[in-house]
Number of protein chains: 2
Amino acid sequence: MTNPAPSPPPQKPARKGALRPALLAAARTLLDRDGADAVTIRAVARACGVSHAAPANHFADRRSLLTALAAELFADLAEAMENALAGAPQNPANKGSGTARLTAFAEALVAYGLAHPERYRLLWRRDLLDGEDAALQGTMDRLYARLLEELSALPLPAGKDPETAAVGLWSLCHGYVSMRLDGNFIARRDKESRAPRHSAMIANYLAALAPPAHPA
Amino acid sequence: MTNPAPSPPPQKPARKGALRPALLAAARTLLDRDGADAVTIRAVARACGVSHAAPANHFADRRSLLTALAAELFADLAEAMENALAGAPQNPANKGSGTARLTAFAEALVAYGLAHPERYRLLWRRDLLDGEDAALQGTMDRLYARLLEELSALPLPAGKDPETAAVGLWSLCHGYVSMRLDGNFIARRDKESRAPRHSAMIANYLAALAPPAHPA
DNA sequence: CAGACATTATTGACACTGTCAATATACATG
DNA sequence: CATGTATATTGACAGTGTCAATAATGTCTG
């Protein structure tokens with residue numbers, strides 16, 4: 001099946017078996033520009049210069065196309081968060097606030113959401129995606145496991161388990177980003193011009209999770 | 001579009017000038033049963049036994065219909081949260097953690113979301129609603145102001161302002177409910193059969209906000 | 001009361017969507 | 001070359017929101 005391209009891929013009418021990635025790229029562009037609603041089978045086909053039914057050979061239906069796109073986006077997000085972790089100080093021996101890595105993790109999540117609104121929104125549009133998709137679930141589970149791993153390496157106070165802390169941190173970030181993106185009341189009071197509120201919010205949450213050695 | 005569900009039961013032709021409330025009631029039923037996607041102008045009209053263009057006299061377009069419905073739902077939510085506040089102990093001037101009222105507030109929000117998934121989801125579907133609608137914005141703003149009021153009555157530790165605390169608490173609850181409803185990874189680990197995690201989560205957050213009376 | 005007006009409901013149409021069926025083209029392998 | 005598989009095209013259908021023209025209903029005025 002895999003053949004070396006006999007001629008360079010010049011234009012939208014992509015050669016050989018290159019329609020599938022072209023469709024995904026077009027879908028991503030449409031998503032960023034006009035939101036998930038604009039990512040229709042026919043619009044994607046038009047953007048690739050093929051007939052309206054051509055995508056059916058690569059994606060069974062619209063849900064399948066959006067799911068594949070979301071899996072790509074989730075992988076991007078996971079990479080961004082992994083990079084953030086790599087740039088954070090290694091946690092262990094140094095006691096006290098080992099929350100620098102968690103801060104980096106949470107900040108990266110929020111930053112991705114605010115930087116790519118439509119992409120972030122799509123990730124959670126369960127009505128548009130196939131929640132049973134293996135690729136999608138796998139990336140999500142790995143990301144959550146990563147957070148749990150970081151949290152488990154932290155000495156938590158008695159009565160606080162890593163699972164609840166992980167769910168809380170993720171909920172905090174996800175809720176904040178969602179309401180910012182949806183333009184609801186939080187957004188009207190939390191302009192970008194101010195110092196970013198989410199940083200203080202995250203810091204507060206993490207400080208409570210692992211209070212510094214000398215509480216004020 | 002796929003047509004999964006059997007058609008809703010045809011209803012009585014609402015006489016007189018009572019079509020508008022009938023449309024809203026039908027929309028609410030459709031929403032609860034099949035989600036926001038199922039709330040189409042034509043389906044609502046069918047449910048009320050009128051022609052497909054009859055609703056146009058009461059709602060300019062689909063967005064207008066859904067916005068009116070969402071305003072109703074937001075009022076319901078506000079009422080539920082107000083009731084929860086009424087049942088909570090009045091802010092005790094005597095001492096210590098006056099977070100009981102905030103706990104009631106947050107628990108009521110989460111309870112509403114988990115009890116009425118489709119209604120809660122619609123509240124934040126900005127792509128389906130008119131964010132500039134006065135009724136919708138008014139109810140939302142009043143609810144947020146109420147939370148801020150409760151938080152401002154609380155003696156916060158230095159370095160923590162009510163605004164950030166309010167945004168954090170709301171984000172925490174909203175994020176948790178969203179991910180539970182969307183069936184994402186949190187839901188797969190946070191079954192109803194266990195003790196509800198959100199209670200511990202909320203308690204942890206509020207405890208950090210106003211630490212108990214015995215400081216170091 | 002009768003006529004004029006405003007509100008509301010109906011019918012029909014258009015463009016758009018997802019999806020299916022039948023067809024046509026290309027490619028690869030025997 | 002012939003055959004067969006993968007892919008692309010055309011055409012159709014049901015469903016949707018929304019508009020225009022029409023009809024029916026009520027209400028108010030003179």
Side-chain angles (χ1 to χ4, degrees), chain A residues 1-7 9-24 26-27 30-31 33-69 122 125 127-130, chain B residues 1-8 10-24 26-27 30-31 33-69 122 125 127-130:
Chain A
M1 296 299 252
T2 56
N3 276 12
S7 52
Q11 304 262 18
K12 296 173 200 163
R15 291 269 175 265
K16 282 293 301 181
L19 179 55
R20 192 189 144 106
L23 291 170
L24 284 172
L30 281 170
L31 174 69
R33 233 195 29 181
D34 298 320
D37 282 357
V39 185
T40 69
I41 294 274
R42 290 168 114 104
V44 169
R46 273 193 299 269
C48 290
V50 295
S51 73
H52 68 266
N57 293 299
H58 304 274
F59 302 100
D61 49 13
R62 187 167 109 103
R63 169 167 312 233
S64 171
L65 166 65
L66 288 172
T67 301
L69 176 58
L122 176 63
R125 284 293 298 275
D127 54 329
L128 296 182
L129 305 179
D130 176 13
Chain B
M1 296 290 187
T2 54
N3 188 10
S7 58
Q11 289 290 354
K12 60 200 178 286
R15 63 232 165 258
K16 288 311 262 182
L19 180 55
R20 193 190 144 106
L23 291 170
L24 283 172
L30 280 170
L31 174 70
R33 229 196 37 179
D34 298 319
D37 281 357
V39 185
T40 69
I41 294 274
R42 291 168 112 104
V44 168
R46 274 193 299 270
C48 291
V50 295
S51 73
H52 68 267
N57 294 298
H58 304 274
F59 302 100
D61 49 13
R62 185 167 111 102
R63 168 167 313 233
S64 171
L65 166 65
L66 288 173
T67 300
L69 176 57
L122 176 63
R125 283 294 297 277
D127 54 328
L128 297 182
L129 304 180
D130 176 13

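Values below: every heavy atom of this structure, side chains too, minus hydrogens, waters and symmetry copies. Sequence lines set the chain letters: A, B, ... in the order given, protein chains first and strands last, and positions in each chain run from 1.
- Within the model, atoms CZ of A/Arg42 and OG of A/Ser51 stand 9.5 Å from one another, a figure rounded to the nearest 0.5 Å.
- Of the side-chain N and O atoms in B/Ser51, none sit less than 4.0 angstrom from OP1 or OP2 of C/dA9.
- In this structure, B/Arg20 atom CZ and C/dT7 atom C1' are separated by 15 Å, rounded to whole Å.
- The distance between atom CZ of B/Arg42 and atom C1' of C/dC16, rounded to the nearest whole Å, is 12 Å.
- To the nearest angstrom, C1' of D/dT9 lies 16 Å from CD1 of A/Ile41.
- Under 4.0 angstrom from either OP1 or OP2 of D/dA8 there lies at least one side-chain N or O belonging to A/His58.
- Distance CG (B/Leu23) to C1' (C/dT8): 12 Å, rounded to an integer number of Å.
- Looking only at distances, a side-chain donor or acceptor of B/Arg62 sits under 3.5 Å from a matching main-chain atom of B/Val39.
- Distance CG (A/Leu19) to C1' (D/dT9): 13 Å, rounded to an integer number of Å.
- Atom CZ of A/Arg63 and atom P of C/dT17 are 19 Å apart (whole Å).
- Contact check, A/Arg46 against C/dT17: a side-chain N or O comes under 4.0 Å of OP1 or OP2.
- For the pair B/Leu30 and B/Ala38, the tightest heavy-atom approach, listed with the atom from each and the gap, is CD1-O, 4.0 Å.
- Applying the 3.5 Å distance criterion, the base of D/dG15 shares no donor-acceptor pair with the side chain of B/His52.
- Rounded to an integer number of Å, the gap from B/Asp37 CG to C/dG18 P is 13 Å.
- Taking CG from A/Leu69 and OG from A/Ser64, the interatomic distance works out to 11.0 Å, rounded to the nearest 0.5 Å.
- For B/Asn57 and D/dA20, the CG to P distance is 14 Å, given to the nearest whole Å.
- Using a 4.0 Å heavy-atom cutoff across all strands shown, B/Arg62 reaches sugar-phosphate atoms only and no base atom.
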